[in-house]
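Have a look at the structure below before the remarks.
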There are 2 protein chains.
Amino acid sequence: MSAPPQPRLRADAQRNRERILVAARELLVEEGPEFSFDKIARRVGVGNATLYRHFADRRELIHHVVLSVVSRIADRAERARAEEPDAFRALSRFVHAAADEQVGALCPLLDGDVDRHHPELEDARLRMERGIEALLSAARNSGQLRPDVEVGDLMMALSQLTRPLPGPGCTNFGQFIHRHLQIFLDGLLAPARSQLPGRAATFSDFRDN
Amino acid sequence: MSAPPQPRLRADAQRNRERILVAARELLVEEGPEFSFDKIARRVGVGNATLYRHFADRRELIHHVVLSVVSRIADRAERARAEEPDAFRALSRFVHAAADEQVGALCPLLDGDVDRHHPELEDARLRMERGIEALLSAARNSGQLRPDVEVGDLMMALSQLTRPLPGPGCTNFGQFIHRHLQIFLDGLLAPARSQLPGRAATFSDFRDN
DNA sequence: GAAAAACGGGGACCATCCCCCCGTTTTTTG
DNA sequence: CAAAAAACGGGGGGATGGTCCCCGTTTTTC
C-alpha cells in the first residue's frame, strides 16, 4: 500500500500551524474574511512563507479556521447539555463558553468564502446546529425560555456582542462582554417581558446569504 | 469688520457635503476609522477631490461625522425623555432610535482619532451624556431598571448590537437588530433575573482608551 | 450671460499585499 | 553526534489600492 498521506508533521511545524490558526481566527473576527496574510505572519512571529507552506490559499486557511471553531462550539454545546441538568443553565453556560471560542469567526460561513459542502465541515456544522437546537428546545420545553425566539436570534446576537471593536482603542471592552451576554440571557427568560418586532431568526438566516 | 468666515456654501456644495457625511458615517461604522477616502467618493458618486475640498484630512472628516452623530443621539435622548411619560418606555424608545442613528460610529471617540477637547464636540458630548444619564436615572428611580447596570453597559451593548458584520455577506442581519435590542432591553428590566459578573461599565469605560 | 464657485477624473507617488525563491536553521534519524 | 530531511525567514517583483493634487469642464449665482 501507499505511504501514509500525512507522514506526521515535524514538531515545530505542528506548533506553528496551530499558532497560525489561532491568529487567523482572531483576524477573521476582527477584520472579516479579507484579512492580510502578512499580518497573520507578523502576529504569529513567523515568516510569511510558513503560511503558504501550510495552506495553499485563503480559502483553505479559512476553511480550517471555521472547521476548528465549529467543532469547538459543537463540543461546548454538547458538554453544556450533558453536564448541566437545568436546561436554561446549560444554555447560559454554552453562551458564555461560545463567547470565549470567538463565535464571531463563524460569519464567513455565510458568504462564499468557505466550501459549504466540504464533508468534514458539513459534519461539524450539523453537530453544532443539533447541539445548539437541543439546548434551545430543552430550555423552551422546560418553560424557562421565552417562546418567541429562535436559534438564529441567539447566534446573531452572540456573534455581535462578542466581536472586538474596530480600531486600536476599545481595548477594555473585553472585560464587559460577559455582563452583556448575561443581560441578554436574562432577556431570553420566560415569561417574555415584551413583544418582539419582526420574525424570529432561524439557523438559515444566520447561515445563508 | 472682516467678511463672514463662512460666506455660505453653494447649493450643490452643501448637498454634497451632507451626502459625504452620511457615507462617511456608514463606512466608519462598517470598517472603523481607517476607511478609504476614495471609497466614500465612489459611494456618494462624487469625485474624490470634492472630499478634500470639504475636509482637510481624515481627522477633520471624522470629527464632523462624530459631531453630527453625537448631537443627533443627544436630540433623540432629550426627545424620548420629553415625550414619553413612562421612564422605561422612554429608555426603550431611545435605544431603538439610537440604533437607527448608527451609534456604532461613536467608537472612534475612544481612541486618538478625534480631538476630544474640541469645544463644539465637548458640548455635544456632554449634552448626550446628560441626556442618556437622565433617561437611565429616571428608569432606575422608577424601579423599572435593574440597579446593577450603568450607562456604559448600555452604550457598549448598543454599539455592538447595531454594528454591521464584516464581509459582503450577512446582509439580512439588519432586519433583526431591533429584536435583539428588545431582548436586551427586557434583560435590563427590574427585578434583575441574575447576578452580573464583573463591575458596571461607566461612560468613561465607553469613552476612554 | 459672465464671473465665481465647485466638480470630476486622471495621474504621480507611496504603502501594502500576495506569492515565490533560496540560503539558513531546526529537527529527526540511525 | 553527524548527516539528511524538513521547515523556516526574509527579501523582492509585480500588482493592487490608497492619498492627495492639478487643471480643464460644468454648475450655480447674480
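Worth knowing before you read on, the calculation uses all heavy atoms, side chains too, and leaves out hydrogens, waters and symmetry mates. Chain letters run A, B, ... following the sequence lines, proteins first, then strands; residues in each count from 1.
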What's the [atom1]-[atom2] distance between [X] and [N], to the nearest Å?
X        : N       : atom1 : atom2 : answer
Asn16(A) : dT27(C) : CG    : P     : 10 Å
Phe55(A) : dA7(D)  : CZ    : P     : 13 Å
Glu31(B) : dG17(D) : CD    : P     : 13 Å
Ile20(A) : dC8(D)  : CD1   : C1'   : 11 Å
Glu60(A) : dC18(C) : CD    : P     : 16 Å
Glu34(A) : dG17(D) : CD    : P     : 11 Å
Gln14(A) : dT28(C) : CD    : C1'   : 16 Å

Residues in side-chain hydrogen bond (donor to acceptor under 3.5 Å, both in side chains) contact with [X], at least two apart in sequence or another chain:
X         : value
Glu120(A) : none
Ser194(A) : Gln182(B), Asp186(B)
Arg53(B)  : Thr50(B)

Can you tabulate the close N/O pairs, meaning under 3.5 Å, that link protein atoms to atoms of nucleotides 1-5 of chain C?
from	atom 1	to	atom 2	distance (Å)
dA5(C)	N3	Arg10(B)	NH1	2.3

How would you list, by chain and number, every residue that makes a salt bridge (Lys or Arg N to Asp or Glu O under 4.0 Å) with [X], sequence neighbours excluded?
X         : answer
Asp100(A) : none
Glu34(B)  : none
Arg127(B) : Asp75(B), Glu78(B)
Arg93(A)  : Glu83(A), Glu84(A)

N/O (side chain, Ser36(A)) to phosphate O (OP1/OP2, dT16(C)) under 4.0 Å: no

N or O in side chain of Arg42(B) less than 4.0 angstrom from dG8(C) OP1/OP2: no

Any residue meeting ring pair (Phe, Tyr, Trp, His ring centres under 6.0 Å) with Phe88(B), in chain and number order, not counting sequence neighbours: none

For His54(B), ring pair (Phe, Tyr, Trp, His ring centres under 6.0 Å) partners two or more places apart: none

Using a cutoff of under 3.5 Å, can you pull out all pairs of nitrogen or oxygen atoms linking the protein to nucleotides 19-23 of chain C, with atom names and distances?
from	atom 1	to	atom 2	distance (Å)
dC19(C)	N4	Asn48(A)	ND2	2.7
dC20(C)	N4	Asn48(A)	OD1	3.2

Closest listed nucleotide, where the reference is the side chain of Thr50(B) and the choices are dC7(C), dT29(D), dA7(D): dC7(C)

Shortest side-chain distance from His54(A), nucleotide among dT28(D), dC17(C), dC8(D): dC8(D)

Of Ala11(A) and Lys39(A), the one whose closest DNA chain C nucleotide lies more 5': Lys39(A)

Sugar-phosphate, base or nothing in reach of Arg17(A), heavy atoms under 4.0 Å: nothing

Proximity of Tyr52(A) and Phe37(A) rings by center, below 6.0 Å: yes

Geometric class of the His180(B)/Phe176(B) ring pair [parallel <30°, tilted 30-60°, perpendicular >60°]: parallel

5'-most by nearest nucleotide on DNA chain D - Asp12(B) or Val46(A): Val46(A)

NZ or CZ of Arg163(B) within 45° of Phe173(B) ring axis and under 6.0 Å: no

Five-pair end axes of the helix from dG1(C)-dC30(D) to dG30(C)-dC1(D) and the angle they enclose, rounded to 10°: 40°

